[in-house]
Amino acid sequence: MQRRDFIKNTVFTTGAIAFGSCKEEDPYAEREYKGQIAIIGAGAAGLYAGSLLAEKKANYTIYEAADQIGGRIRSLKGFADFDIELGAEKIQGNRSLWYDWVKESGASFVSNTSTDFYQIGNQVLSEAQWGNNADFKAAVSLAQQSMNYSGADTTLLQYMESAKLASGVRHIADALVANPHGTSANRLSVLGTAEERQAWSAGEGEFLLANRSLTSVLEEKFKNILPRVVFNTQIKRIDYTNERIMLEDAQAQRRYVDKVIITVPLAVLQSTDLQFVPALPESKLASIRGIGTGAGIKVILEFNQRFWDAATDSVYTSGAIPEYRVSSNGRSTKSFVLTGLTMGEKAEALSAQSSAAAIQSIIKELDVIYGKGVASGALTNARLMDWGKDPFIKGAYSYPIVGGGGLLTRQTLSLPVQRKVYFAGEATHYGGHSGTVHGAIESGRRVVEELYRDVT
Ligand SMILES: Cc1cc2nc3c(=O)[nH]c(=O)nc-3n(C[C@H](O)[C@H](O)[C@H](O)COP(=O)(O)OP(=O)(O)OC[C@H]3O[C@@H](n4cnc5c(N)ncnc54)[C@H](O)[C@@H]3O)c2cc1C
């Protein structure tokens with residue numbers, strides 16, 4: 001079964017919490033604000049917030065810790081004969097601003113007619129080939145049912161255990177549900193995931209760009225505001241005690257603004273990297289703790305020949321990498337590139353090793369699946385992107401945890417403090433689109449609306 005069909009079969013009803021996803025009227029179009037606004041972070045949320053402020057002729061600057069825009073959208077050039085996405089790659093759903101921008105950019109999508117393969121034991125077979133294998137069917141069906149779950153708040157792993165899913169196929173549900181949600185089965189709240197899925201309103205399908213990178217789409221879309229981005233400026237302290245807010249960067253340089261929009265990843269808010277004076281209210285701190293985020297790794301492997309079935313789109317394995325995609329499909333006729341994605345516990349284990357050792361152990365696993373020396377003998381190039389080790393990202397993306405409070409907790413995270421400190425970014429999306437680029441973009445619009453709502 002294609003993952004696209006999996007997602008299509010299991011979502012989507014319109015959410016209970018209003019959180020627009022397509023073009024909407026600006027409710028505060030007539031309001032003007034002359035104060036100085038700082039945006040912290042030039043990822044999708046910060047850039048879109050900046051472009052909306054530019055439309056309103058506001059006085060704003062974007063401070064970015066890294067030396068490039070995009071945040072968790074980052075493209076790698078020169079590895080193969082097409083650009084590789086180290087972070088976000090799929091446009092999830094066909095009803096969002098992000099989808100519209102990508103279409104407007106003239107990008108074409110990879111047409112996906114290929115098949116997903118699943119490892120059970122040491123065998124990798126397609127869904128059709130697994131045919132009536134009862135354990136396989138039970139794993140796929142549990143993954144689908146988890147999207148409509150309404151029982152007690154448990155982890156996906158506990159849900160699998162109580163459903164008595166055979167241990168030899170649990171990795172399939174893990175790979176289909178937990179891994180794409182940014183973690184592993186022992187950490188993901190199945191209730192929270194179902195709540196987010198049911199609130200989803202970004203349409204159907206998953207789309208991969210065939211002929212350009214996501215970074216290039218962002219650069220083109222936001223070219224007019226790029227001069228407003230101040231790079232290599234990590235904000236370390238936000239002091240909102242007085243009328244004007246003081247921002248101090250890692251070089252102890254101070255700047256004074258009237259309002260600040262924070263779009264840094266949740267993992268940065270959970271760390272001690274960014275200090276607030278006075279401390280954020282307890283409800284805000286509880287919301288920061290009440291949402292999960294953790295390790296996430298993408299591994300890019302180039303081979304001099306294809307050793308997987310020609311029909312392969314994805315391979316779901318029981319090893320360190322729950323999902324491999326053939327990322328050269330539809331993008332190159334010369335390269336053979338697999339992209340592996342691993343989140344949560346398995347990503348942590350890989351992260352504890354050096355990149356070279358991690359890649360070696362991953363290749364060993366592929367040798368077990370495809371035959372002794374097959375993958376290792378064909379490997380020509382490898383790159384491991386460990387998002388947890390990126391100093392300004394510190395993890396993958398946010399996910400619901402057991403006892404975390406679900407979408408209401410995300411809403412609390414999104415609330416401004418004292419009409420001065422505003423919050424955006426994927427983790428603040430309380431309409432079911434967290435952990436996605438379009439969710440980050442929608443949060444950028446939400447935060448600008450909130451800021452102007454507070455202007456009288
Ligand atoms: C491996 C991986 C795969 C993914 N796959 C997909 C996918 O296929 N589809 C999808 O829709 N989404 C995917 N995502 C999620 C998506 O990338 C994010 O949800 C989205 O890009 C987040 O945007 P953002 O603006 O909220 O945050 P970010 O993009 O993280 O931007 C925050 C910015 O803040 C900066 N910053 C941090 N601290 C400071 C500071 N103190 N001072 C100044 N700047 C600071 C950071 O450098 C960063 O540029 C993936 C993410 C990862 C990691």
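A donor-acceptor pair is defined here as one N or O able to donate and one able to accept, closer than 3.5 Å; no such pair exists between the side chain of D367 and the backbone of K372.
Closest of all the heavy-atom pairs between I401 and R289 is CD1-O, 3.7 Å.
Under 4.0 Å is where a charged nitrogen must lie from a carboxylate oxygen, and between R410 and E195 no such pair does. In summary, E89 and R331 engage in a salt bridge, as defined by a charged side-chain N under 4.0 Å from a carboxylate O. A salt bridge links D313 with R325; the closest basic N to acidic carboxylate O contact falls under 4.0 Å.
Residues E442 and S96 have side chains that never bring a donor and an acceptor to within less than 3.5 angstrom of each other. In summary, the side chains of S335 and D81 do present a donor paired with an acceptor at a separation below 3.5 Å, with no hydrogens or angles considered. If you check the side chains of Q145 and S141, you find a donor sitting under 3.5 Å from an acceptor.
Counting heavy atoms from C-beta on, the side chains of S434 and Y397 never come closer than 4.5 Å. Counting heavy atoms from C-beta outward, W101 and E220 have side chains that stay 4.5 Å or more apart. Looking at I40 and L247, their side chains come closer than 4.5 Å, going by heavy atoms from C-beta outward.
The residue from E365, R170, Q119 that alone fulfils the side-chain hydrogen bond (donor to acceptor under 3.5 Å, both in side chains) condition with S318 is Q119. Remark: of the listed residues W98, W200, Y99, W200 is the sole one forming a ring-ring contact (aromatic ring centres under 6.0 Å, His included) with H433.
Two rings, from F207 and F109, have their centers less than 6.0 Å apart.
Annotation: cation-pi pair R228/Y60 present, NZ/CZ under 6.0 Å from the ring centroid and within 45° of its normal.
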